Participant: 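I have a structure I would like to understand better, so I am pasting it below and will then ask my questions one at a time.
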Amino acid sequence: MRRGVLLVVVGVMVVLAGCAGAAPGDSTPGESTPENNTESVATTNGTVEVHYINVGQSVSTLIIEPDGETMLVDTGHYNDDGEYVIDYLQRHDITRIDHLVTSHNDADHIGGNAAIIDYYETEADGVGAVYDPGIAASTQTYGEYLDAIEEHDVTLYETREGDSLAFGAVTVDVLGPPEPYLENEARNENSIVLKLTYGETSFLLSGDAEDDQEAYLVERYGEQLQSTVLKAGHHGSASSSSEAFLDAVQPEAVVVSSAYDSQYDHPNDEVLQRLSDRSISTYWTATHGDIVLVSDGSAVSVQTQAAAPTDPGALRDGDAVEPGTTGTVTERDRLGGAGTGAIDSGGSDDSTEDDDDETTTENATLAVAEINADAEGDDRENLNDEYIVFENTGDDPLDVSGWTVADDAGHTYTIPDGVTIGSEATLTLRTGSGTNTETELYWGSGSPIWNNNGDTVIVTTDDGERVVEEQY
């Protein structure tokens with residue numbers, strides 16, 4: 001009965017949405033798949049944030065593109081009814097979900113669907129559309145999810161391979177599930193698989209895809225699967241992240257989302273060994289907490305709540321971080337761009353001791369000179385009037401390359417390489433977008449950062465040393 005409701009609703013909504021533009025499912029199969037994207041890499045402006053929320057034995061991923069459009073993929077476990085996800089979204093001032101993607105309809109992935117739809121449709125700015133692979137489940141959680149869609153008249157798309165989702169400056173390719181479905185419509189093996197590309201960086205979200213869907217993806221796309229970051233399939237289960245799949249994706253980092261004391265032994269030792277054999281840095285929500293990846297189109301800043309081992313063989317040596325734990329994230333690594341590894345902000349190798357432009361920090365001090373958290377008019381319409389002014393109160397120039405600026409909610413901006421603040425000079429960081437200069441930088445955020453009712457400005461060096469913590 002529930003599956004019938006889903007198919008009827010999907011069919012109606014796709015027809016209606018088609019009047020307003022291309023809807024998922026309307027494209028010719030394969031026309032938007034990666035191997036047919038032959039255009040050069042688009043120029044990027046601003047940053048994309050990918051948040052892997054710590055939700056225990058489950059998964060939920062929030063993506064925010066440069067103009068502030070949002071996508072939420074999965075919503076956590078049914079045991080907590082989406083509580084951790086809603087709290088996280090509220091802490092990060094997410095007032096609307098433009099795209100709610102259900103990777104598949106197992107209750108540990110749609111646990112918060114109904115609660116999130118209800119909350120955003122009644123107390124916030126709504127849900128733009130829901131995307132579903134179209135395979136029903138006979139659970140109360142699934143029924144409540146459909147009831148919420150029907151009650152609030154939310155657009156629902158059945159989403160399959162070859163569809164595309166319009167998501168601002170980010171290219172989103174839908175690589176699964178295929179037509180026809182795999183494995184007699186097994187839900188895991190027919191997960192919605194997304195590849196998100198921004199400039200030269202990309203993120204592969206594989207749901208709970210297991211060996212059969214991974215094998216299909218490798219055969220169908222091959223090297224087109226290559227991505228900067230991979231979310232490990234099925235919470236790090238041994239049935240996912242196969243050798244062939246990892247060799248095709250060639251990720252620089254892998255994110256695992258599962259509980260610290262997983263009853264399923266996630267992540268499995270076999271998977272960790274495969275990752276270790278390939279020297280892939282691995283981040284685990286159970287020990288790193290919330291994980292936020294920030295891409296400027298050429299490099300990805302990896303930021304986590306806790307400092308924990310990333311060597312797959314030592315992953316379990318980290319301390320547990322309970323779901324719902326609050327706190328800022330700190331940059332731990334940087335992927336892509338000039339290479340993988342910590343940012344080197346020490347200047348060029350050919351500098352000399354008598355170089356007049358050499359920057360030192362011995363007699364330089366960074367201070368917050370001004371905070372303008374409340375922009376004139378509507379903050380969202382005037383983002384560049386929300387800003388922080390930093391001042392070097394010391395006698396020497398201060399090289400702040402690779403330093404991070406963060407707030408209490410965990411929003412983080414990484415200062416580009418080559419930025420120096422002269423003695424008694426200032427540097428203004430504006431929230432919106434623009435062209436960086438010697439005296440002004442632009443966060444590239446599509447929504448306000450600084451809380452008008454009080455917040456904390458936190459500045460951390462590229463070595464992880466906190467040098468400013470200014471409350472207002």
Side-chain angles (χ1 to χ4, degrees), residues 6 9-11 13-37 39 42 44 46 48-52 59-75 94 96-105 109-110 113 116-117 120 125-135 149 154-179 190-199 201-207 209 217 220-221 224-225 227 229 231 293 295 297 446:
L6 172 63
V9 173
V10 168
M13 291 304 181
V14 168
V15 170
L16 294 177
C19 299
D26 288 350
S27 59
T28 302
E31 78 174 13
S32 62
T33 53
E35 70 268 34
N36 291 319
N37 288 340
E39 296 181 2
T44 56
V48 171
E49 300 177 12
V50 182
H51 300 239
Y52 301 88
V59 63
S60 183
T61 308
L62 169 70
I63 305 103
I64 308 171
E65 61 89 43
D67 291 327
E69 195 170 343
T70 60
M71 178 183 296
L72 182 65
V73 183
D74 295 333
T75 59
I94 304 300
R96 175 176 170 82
I97 303 298
D98 295 295
H99 309 274
L100 176 58
V101 179
T102 297
S103 69
H104 63 297
N105 284 304
H109 285 251
I110 61 171
N113 278 25
I116 285 170
I117 292 171
Y120 276 91
D125 295 334
V127 175
V130 176
Y131 306 81
D132 189 292
I135 299 177
I149 288 175
V154 177
T155 301
L156 173 64
Y157 296 114
E158 179 179 326
T159 304
R160 305 290 286 275
E161 176 186 12
D163 293 340
S164 60
L165 280 66
F167 190 47
V170 180
T171 299
V172 181
D173 291 298
V174 182
L175 310 184
E179 175 66 48
N190 291 283
S191 294
I192 290 180
V193 177
L194 301 179
K195 180 175 180 180
L196 293 83
T197 303
Y198 183 61
T201 65
S202 52
F203 306 85
L204 189 61
L205 307 179
S206 59
L217 291 168
R220 174 75 172 86
Y221 297 104
Q224 301 299 324
L225 293 173
S227 301
V229 180
K231 186 203 71 64
L293 307 183
S295 168

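Because the structure is a prediction, the values reported are computed rather than measured. All values below were derived from every heavy atom in this structure, side-chain atoms included, with hydrogens, water molecules and symmetry-related copies excluded.
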Participant: Between I64 and H51, does the side-chain contact (heavy atoms from CB on, under 4.5 Å) criterion hold? Intermediate values first, please.
Facilitator: CA-CA 8 Å; I64 308 171; H51 300 239; 3.9 Å; yes
Participant: Over all heavy atoms of both residues, which pair between V174 and Y221 is shortest? Give the atoms and the distance, please.
Facilitator: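 Taking V174 first and Y221 second, the nearest heavy atoms are O-OH, 4.4 Å.
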Participant: Please report the interatomic distance OG1(T102) to CD1(I135), rounded to the nearest 0.5 Å.
Facilitator: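 If I round to the nearest 0.5 Å, the distance is 12.5 Å.
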Participant: Name the one of P133, P178, P177 that satisfies side chain to side chain contact (heavy atoms under 4.5 Å, CB included) with E161?
Facilitator: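 Of P133, P178, P177, side chain to side chain contact (heavy atoms under 4.5 Å, CB included) with E161 is met by P178 alone.
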Participant: List the residues meeting side chain to side chain donor-acceptor pair (under 3.5 Å) with D67, not counting sequence neighbours, and say none if there are none.
Facilitator: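 Applying side chain to side chain donor-acceptor pair (under 3.5 Å) to D67 gives none.
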Participant: Are any of the side-chain heavy atoms of Y52 and V229 separated by less than 4.5 Å?
Facilitator: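 Yes - at least one pair of side-chain heavy atoms lies under 4.5 Å apart.
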Participant: Quick check against the 3.5 Å criterion: does S191 have a side-chain atom that pairs as donor or acceptor with the backbone of G176?
Facilitator: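 Here the side-chain-to-backbone pair does not exist.
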Participant: Checking S103 now: which residues fulfil side-chain contact (heavy atoms from CB on, under 4.5 Å) with it, not counting sequence neighbours?
Facilitator: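 Result, side-chain contact (heavy atoms from CB on, under 4.5 Å) vs S103: D74, H109.
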Participant: Got a donor-acceptor contact below 3.5 angstrom from the K231 side chain to the G207 backbone?
Facilitator: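 Judged by distance alone, yes, a pair lies under 3.5 Å.
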Participant: Excluding sequence neighbours, so at least two apart, what forms side chain to side chain donor-acceptor pair (under 3.5 Å) with E65?
Facilitator: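 Partners of E65 under the side chain to side chain donor-acceptor pair (under 3.5 Å) test: none.
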Participant: Can you tell me how far CG of N105 sits from CG of D132, rounded to the nearest 0.5 angstrom?
Facilitator: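 It is 4.5 Å, given to the nearest 0.5 Å.
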Participant: Which residues pass the side chain to side chain donor-acceptor pair (under 3.5 Å) test with T75, sequence neighbours left out?
Facilitator: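 Only N113 meet the side chain to side chain donor-acceptor pair (under 3.5 Å) criterion with T75.
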Participant: May I ask you to test the V172-M71 pair for a side-chain heavy-atom distance under 4.5 Å?
Facilitator: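 Sidechains of M71 and V172: in contact.
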Participant: Carefully, step by step, assess V101 and L205 under the rule side-chain contact (heavy atoms from CB on, under 4.5 Å).
Facilitator: CA-CA 11 Å; V101 179; L205 307 179; over 6 Å; no
Participant: Any side-chain heavy atom of L204 sitting closer than 4.5 Å to one from L175?
Facilitator: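 They are in side-chain contact.
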Participant: Is there side-chain contact between V48 and P66, with at least one heavy-atom pair below 4.5 Å?
Facilitator: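 Yes, side chains in contact.
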Participant: Has T70 got a side-chain atom pairing as donor or acceptor with D98's backbone, closer than 3.5 angstrom?
Facilitator: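 Yes, T70 side chain to D98 backbone: donor-acceptor pair under 3.5 Å.
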Participant: Using 0.5 Å steps for rounding, measure from the CD1 atom of I116 to the CD1 atom of I110.
Facilitator: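 Going from the CD1 atom of I116 to the CD1 atom of I110 covers 11.5 Å.
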Participant: Counting only N and O atoms by type, is there a donor-acceptor contact under 3.5 Å from the side chain of T201 to the main-chain atoms of G199?
Facilitator: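 No.
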Participant: Which distance, rounded to the nearest 0.5 Å, do you find between the CG of L194 and the OG1 of T61?
Facilitator: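 OG1 of T61 is found 9.5 Å from CG of L194.
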Participant: Between F167 and I63, does the side-chain contact (heavy atoms from CB on, under 4.5 Å) criterion hold? Intermediate values first, please.
Facilitator: CA-CA 10 Å; F167 190 47; I63 305 103; 3.6 Å; yes
Participant: Quick one: list whatever passes side-chain contact (heavy atoms from CB on, under 4.5 Å) with T197, sequence neighbours left out.
Facilitator: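 Only T171, K195, S202 meet the side-chain contact (heavy atoms from CB on, under 4.5 Å) criterion with T197.
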Participant: Would a 4.5 Å heavy-atom cut-off, applied to side chains only, mark I94 and L62 as touching?
Facilitator: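 Sidechains of L62 and I94: in contact.
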Participant: Taking all heavy atoms of Y198 and all of A169, pick out the closest pair and write down the distance.
Facilitator: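 Reported closest heavy-atom pair: CD1-O, 3.8 Å.
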Participant: Within this structure, what is the OH-CD1 distance for the pair Y131 and I192, rounded to the nearest 0.5 Å?
Facilitator: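 Those atoms lie 10.0 Å apart.
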